[in-house]
Amino acid sequence: MNTPIGKPARPGRPTLDRESILIDARRELAMPSRRLFGKRLLTLGGLSMLTGCSLTDNDSVNRFLIAVSRLNDRAQAALFDPKQLAPTYTEAQLTRPFPFNAYYGIDDVPVVDGADYKLKVSGLVTGQRVWTLPELYALPHAEQITRHICVEGWSAIGRWGGTPFGDFLRRIGADTSAKYVGFKCADDYYESIDMPTALHPQTLLTFSYDGERLPAKYGFPMKLRMPTKLGYKNPKHIVEMFVTNTFPGGYWVDQGYNWFGGS
Ligand SMILES: Nc1nc2c(c(=O)[nH]1)N[C@H]1C(S)=C(S)[C@@H](COP(=O)(O)O)O[C@H]1N2
Ligand SMILES: [Mo]
């Protein structure tokens, strides 16, 4: 779905030309969740016309694609049904081994010391404080077997355990009418999500994988797991979360990926 808009141009070849926009747009329009958006707001013909007449330099193409992506965010947010559940699976369907992925290799996975780990909770919450792991482990527990879909072209079924994130938000006195929840991670990753997804019943703050304490490679000490969102929206190694009305962006969205990132 995503042309990495932020990537530097390859020498000798215009990166974001008419052709690549059309490939991107065609892919977007082919996705079932995007079809409505395509039909209502933009036709491929209209897009061809636009790309054919005015988008001659990379800057304007970038601006155009970012505008399409923001429109797409709004369309996806409007189509998001807070009660619609993502499919769940059985133990027998688990993908083994579950893949590891990050913007770095497995040897560079951050080492987080659980003993002095503290989760910082800030922003529009009445309970601004830090949480230790024993306190977090004592929260109500739920298990989930769902499919993780990565934009790099793979998907896998995994089993995560943790606490329903909506309950946690209410427990910390979050302003649930705010727009975003942002996350900072122990690596340089950061993400943010829309409040309706944060409150979705399948959104879990997870501390375990397949019945075991969450391994380092899958995001120790905790990962936010959302089966309604693509893989890159699910932050691992969370060290801070904040509730805000100011758009916080994300590691990949700031490089051109679509922010809503629904699946
Ligand atoms: N902190 C952090 N979280 C992250 C990433 C990352 O690089 N750092 N990569 C994201 C991407 S693109 C994917 S597909 C999943 C991979 O999670 P896994 O290693 O448990 O499969 O983590 C997401 N969350
Ligand atoms: Mo991913």
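Atoms within a ligand are numbered from 1 in the order they appear, just like the ligands themselves.
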Distance from atom 17 (O) of ligand 1 to nearest protein heavy atom, with residue and atom: K223 NZ, 3.5 Å
Do E240 and K118 meet the salt-bridge criterion of a basic N to acidic O distance under 4.0 Å? no
For the atom pair CG (N234) and CZ (F183), what is the distance rounded to the nearest 0.5 Å? 9.5 Å
How does F183 reach ligand 1, if at all, at less than 4.0 Å between non-hydrogen atoms: by side chain, backbone, both, or neither? neither
Value for OH (Y117) from CZ (F220), rounded to nearest 0.5 Å, stands at 9.0 Å
With heavy atoms of K217 as the reference, note each atom of ligand 1 found under 4.0 Å away. 19 (O)
Taking all non-hydrogen atoms of both residues, which atom of Y209 and which atom of I157 are closest, and how far apart? OH-O, 4.1 Å
Look at the rings of F98 and W154 and say which category their plane angle falls in: under 30° parallel, 30 to 60° tilted, over 60° perpendicular. perpendicular
Determine, for D210 against R96, whether the closest basic-nitrogen to carboxylate-oxygen distance falls under 4.0 angstrom. yes
Identity and separation of the nearest protein heavy atom to atom 24 (N) of ligand 1: N234 O, 2.8 Å
Flag Y103 as yes when one of its N or O atoms lies below 3.5 Å from any N or O atom of ligand 1, and as no otherwise. yes
Is any N or O atom of N101, backbone or side chain, closer than 3.5 Å to an N or O atom of ligand 1? yes
So for ligand 1, is E152 a polar contact partner (N or O within less than 3.5 Å, distance only)? no
If the cut-off is 4.0 Å to any non-hydrogen atom of C185, which atoms of ligand 1 fall inside it? 1 (N)
Taking the basic N atoms (NZ, or NE/NH1/NH2) and the acidic carboxylate oxygens, is any pair closer than 4.0 Å for K229 and D194? yes
Please could you name the atoms of ligand 1 that W154 approaches to less than 4.0 Å, counting only its heavy atoms? 14 (S), 21 (O)
Checking heavy atoms under 4.0 Å, the part of P99 that sits near ligand 1 is backbone
Looking only at protein heavy atoms, which one is nearest to atom 14 (S) of ligand 1, and how far off is it? H148 NE2, 3.1 Å
Nearest 0.5 Å please: distance from the CZ atom of F247 over to the CZ atom of R70. 4.5 Å
Check A102 against ligand 1 and report side chain, backbone, both or neither, counting heavy atoms closer than 4.0 Å. both
Are Y180 and W259 an aromatic pair, judged by ring center distance below 6.0 Å? yes
Checking heavy atoms under 4.0 Å, the part of V151 that sits near ligand 1 is neither
Enumerated ligand 1 atoms positioned under 4.0 Å from heavy atoms of C150: 14 (S)
W131 vs F168, test: ring-ring contact (aromatic ring centres under 6.0 Å, His included). Steps then yes/no. CA-CA 12 Å; W131 288 72; F168 184 68; 5.1 Å; yes
Using heavy-atom distances only, which candidate in Y232, Y257, Y104 approaches atom 12 (S) of ligand 1 most closely? Y232
Please write down residue, atom name and distance for the protein heavy atom closest to atom 10 (C) of ligand 1. Y189 OH, 3.6 Å
Could you measure the distance from the CZ atom of R225 to the CD atom of Q202? Nearest 0.5 Å is fine. 9.0 Å
Backbone or side-chain N or O of D187 under 3.5 Å from ligand 1 N or O: yes
I need the contact type for F98 against ligand 1. Using non-hydrogen atoms and a strict under-4.0 Å cut-off, is it side chain, backbone, both or neither? side chain
Quick one: pull up CG in L139 and OH in Y137 and give me the separation to the nearest 0.5 Å. 11.5 Å
Which residue and non-hydrogen atom of the protein lie closest to atom 22 (O) of ligand 1, and at what distance in Å? K236 CE, 3.7 Å
